[in-house]
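For the numbers below, each heavy atom of this structure counts, side chains included, while hydrogens, waters and symmetry mates do not.
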Amino acid sequence: MALLELRNLHKAFNGQTVLDGIDLQVQQGEIVVVLGPSGSGKSTMLRCINYLETPDKGTITISDQSVDAESAGKKEILALRRKTSFVFQNYALFKNKTALGNITEALTTVHGIPEQKARKKAMTILEDVGLADRHDAWPSALSGGQQQRVGIGRAMALDANLMLFDEPTSALDPEKVHEVLDLMKKLARQKRTMMVVTHEIPFAREVADRIIFIDGGKIVEMGTPEEILDNPQDPRTRDFLRQVL
Amino acid sequence: MTELDLSFATDLLLQLVGVLPVTLGMSFLAMALALVLAIFFAIVQIFRIPGLNGFTQLYISFFRGTPLLVQLFLFYYGLPQMFPSMTAISAFQATILGLGLHFAAYMAELIRGAILGVDRSQMEAALSVGMDRLTAMRRIILPQAARIAVPGLMNSFIDLLKSTSLAFTLGVAEIMAKTQLEAASSFRFLESYLVLALVYWVVIMIMTWGQKYTERRLEEAY
């Protein structure tokens with residue numbers, strides 16, 4: 001059984017169709033990279049999976065939790081959301097919390113883990129992301145790359161079934177991109193289930209089990225990195241790859 | 001022109017310092033009441049909680065649209081005629097209630113603005129780690145809104161503290177009432193009201209220092 005299943009997902013903003021019937025299955029431990037031109041709906045799809053955007057129609061299932069957009073209740077949505085973690089393009093660290101506090105926050109308030117234990121876990125994660133020495137720094141004192149590593153650490157701490165990455169390197173200075181990608185590769189090696197919206201083609205080639213190409217709110221094509229990147233079938237995929245490569 | 005009577009002034013000053021706890025007590029209690037209500041009304045408006053939202057709008061409209069003194073008279077003299085149980089309310093309590101309800105209306109708008117001033121991504125991030133909206137408000141949004149709201153809230157508090165002087169019309173023995181009494185019996189109006197003005201001024205200066213300290217602490221993270 002798939003870990004994530006999207007069925008016939010639709011979303012429109014002010015009458016403009018953004019998702020036009022997405023069907024997708026993601027297996028446990030799979031790393032899926034989502035490519036597509038800007039405005040293609042790839043970020044919206046990711047944000048619908050954890051209900052940061054409310055889909056208009058369709059169902060989302062993550063392991064045993066299923067939510068139908070047309071009859072979704074608050075509790076179901078919360079339960080679905082807690083099966084995911086999310087890494088934002090603009091990091092979105094809690095500005096009123098230190099690096100450590102950003103990671104412990106959900107552990108104590110959502111999962112009821114005692115403060116001491118949460119701090120210990122958070123310190124281990126900060127070591128993983130290479131920022132143990134900056135544990136008491138405010139987000140405003142960290143560089144973009146450091147903030148995003150804390151952002152990934154915050155997501156890691158949740159031990160969610162599915163990690164969602166929404167263009168995690170797009171806001172970074174070019175020389176900071178690799179530190180974030182390196183960390184994501186490390187996560188990939190741990191066989192966490194990840195969905196990554198990105199424009200980093202070399203990363204997709206190296207890490208992805210499967211690449212999905214989205215355009216006009218539809219999945220145009222999907223396959224292994226070799227299939228999609230070296231031998232794209234659809235003209236839209238070829239156009240896109242010509243422009244970014 | 002007569003000379004200022006310094007010994008009278010010092011004497012009055014000492015008396016006023018003795019009565020100051022009444023003024024401060026009313027101020028802090030009314031402010032606490034106003035803050036709790038204001039946060040509540042702000043959240044009701046932001047989440048557009050059905051039923052409560054309409055009531056909140058009406059509430060804010062009424063308390064901003066009528067004079068504070070009229071509201072105080074209404075609470076202390078008016079309502080007990082309709083609800084006999086309210087005759088038990090003291091002038092001190094009526095003032096706290098009146099000031100609290102009145103300033104809550106202004107502060108609700110201020111806090112609402114401050115909450116809306118917190119970047120949208122902060123709420124999204126809080127939801128993404130599995131918080132419900134109320135927890136996100138309490139843990140992430142309100143602490144950040146506080147930083148935006150403090151200067152405005154301090155203005156409201158200063159206004160509220162000075163408005164406690166209206167309590168003398170209900171018969172509360174606070175510093176304004178005390179001064180009036182002394183002035184009327186001694187005919188030393190100039191000294192009396194100068195000393196009274198000075199007391200308000202010094203108290204508010206001390207508050208302002210406290211504000212600077214609080215603002216510096218809230219700025220640490222930014």
Side-chain angles (χ1 to χ4, degrees), chain A residues 43 46-47 49-54 74-75 77-99 101-112 136-142 147 150-151 153-160 162-166 171, chain B residues 35 39 42-44 46-53 110-154 211-222:
Chain A
S43 279
L46 207 68
R47 290 164 58 84
I49 293 174
N50 75 344
Y51 258 80
L52 284 183
E53 299 292 353
T54 310
K74 267 188 186 167
K75 274 197 183 135
I77 291 173
L78 194 62
L80 181 83
R81 203 177 263 147
R82 287 181 179 170
K83 294 190 180 296
T84 67
S85 54
F86 202 94
V87 176
F88 294 84
Q89 182 177 354
N90 64 357
Y91 336 128
L93 293 188
F94 302 133
K95 291 181 186 165
N96 57 327
K97 305 277 171 193
T98 61
N102 264 275
I103 298 174
T104 56
E105 182 62 28
L107 297 179
T108 54
T109 59
V110 178
H111 299 283
D136 60 355
W138 299 105
S140 59
L142 298 172
Q147 287 190 61
V150 175
R154 177 174 70 183
M156 286 161 64
L158 300 173
D159 292 322
L162 175 63
M163 292 185 87
L164 304 167
F165 295 78
D166 185 14
Chain B
L35 256 182
I39 292 172
I43 288 176
V44 163
I46 283 173
F47 289 158
R48 295 178 208 280
I49 297 175
L52 287 173
N53 197 22
L110 216 146
I111 290 172
R112 189 172 71 94
I115 291 173
L116 293 177
V118 174
D119 197 64
R120 234 178 84 98
S121 67
Q122 294 291 305
M123 177 54 100
E124 290 196 342
L127 295 178
S128 83
V129 298
M131 288 188 209
D132 57 62
R133 283 182 174 273
L134 269 183
T135 310
M137 268 289 160
R138 190 170 55 82
R139 299 286 307 174
I140 305 299
I141 308 297
L142 286 178
Q144 293 185 44
R147 165 176 169 258
I148 306 173
V150 160
L153 288 178
M154 199 58 201
Q211 175 191 0
K212 296 251 160 66
Y213 172 78
T214 312
E215 281 180 18
R216 259 205 310 275
R217 275 202 39 205
L218 287 169
E219 279 303 319
E220 267 174 12
Y222 297 86

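- Looking at A/Lys83, there are no atoms closer than 4.5 Å to chain B (heavy atoms on both sides), in backbone or side chain.
- B/Ile111 places a side-chain heavy atom less than 4.5 Å from the side chain of B/Leu35.
- No other option in A/Lys95, A/Arg154, A/His111, A/Arg47 has as many heavy-atom pairs under 4.5 Å with chain B as A/Lys95.
- Between the side chains of A/Asp166 and A/Ser43, at least one donor N or O lies within less than 3.5 Å of an accepting N or O.
- Judged by distance alone, with hydrogens and angles left aside, the side-chain atoms of B/Gln122 form a donor-acceptor pair with the main-chain N or O of A/Leu93 at under 3.5 Å.
- Proximity to chain B involves both the backbone and the side chain of A/Phe94, based on heavy atoms less than 4.5 angstrom apart.
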Can you give the donor-acceptor pairs under 3.5 Å from side chains of residues 213-222 of chain B to other protein atoms, not counting sequence neighbours?
{"residue": "B/Thr214", "atom": "OG1", "partner": "B/Gly210", "partner atom": "O", "Å": "2.8"}
{"residue": "B/Glu215", "atom": "OE2", "partner": "B/Gln211", "partner atom": "NE2", "Å": "2.8"}
{"residue": "B/Glu219", "atom": "OE2", "partner": "B/Arg147", "partner atom": "NE", "Å": "2.9"}

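- For the pair A/Leu46 and A/Phe86, the minimum side-chain heavy-atom distance is below 4.5 Å.
- Applying the side-chain contact (heavy atoms from CB on, under 4.5 Å) rule to B/Val44 yields the partners B/Phe40, B/Ile49, B/Leu52, B/Asn53, B/Thr56; only residues at least two apart in sequence or on another chain are considered.
- For A/Asn50, the part lying near chain B is the side chain, with the backbone staying farther off; criterion is any non-hydrogen pair under 4.5 Å.
- For B/Ala114, the side-chain contact (heavy atoms from CB on, under 4.5 Å) test picks out B/Ala145, B/Ile148, B/Ala149, with sequence neighbours left out.
- Residue-level contacts of residues 130-142 of chain B with chain A, in order of numbering, are B/Gly130, B/Met131, B/Asp132, B/Thr135, B/Arg139, B/Ile140; threshold 4.5 Å between heavy atoms.
- Taking both residues in full, the closest heavy atoms of A/Gly151 and A/Val87 are given as O-CG2, 4.2 Å, listed atom of the first, atom of the second, then distance.
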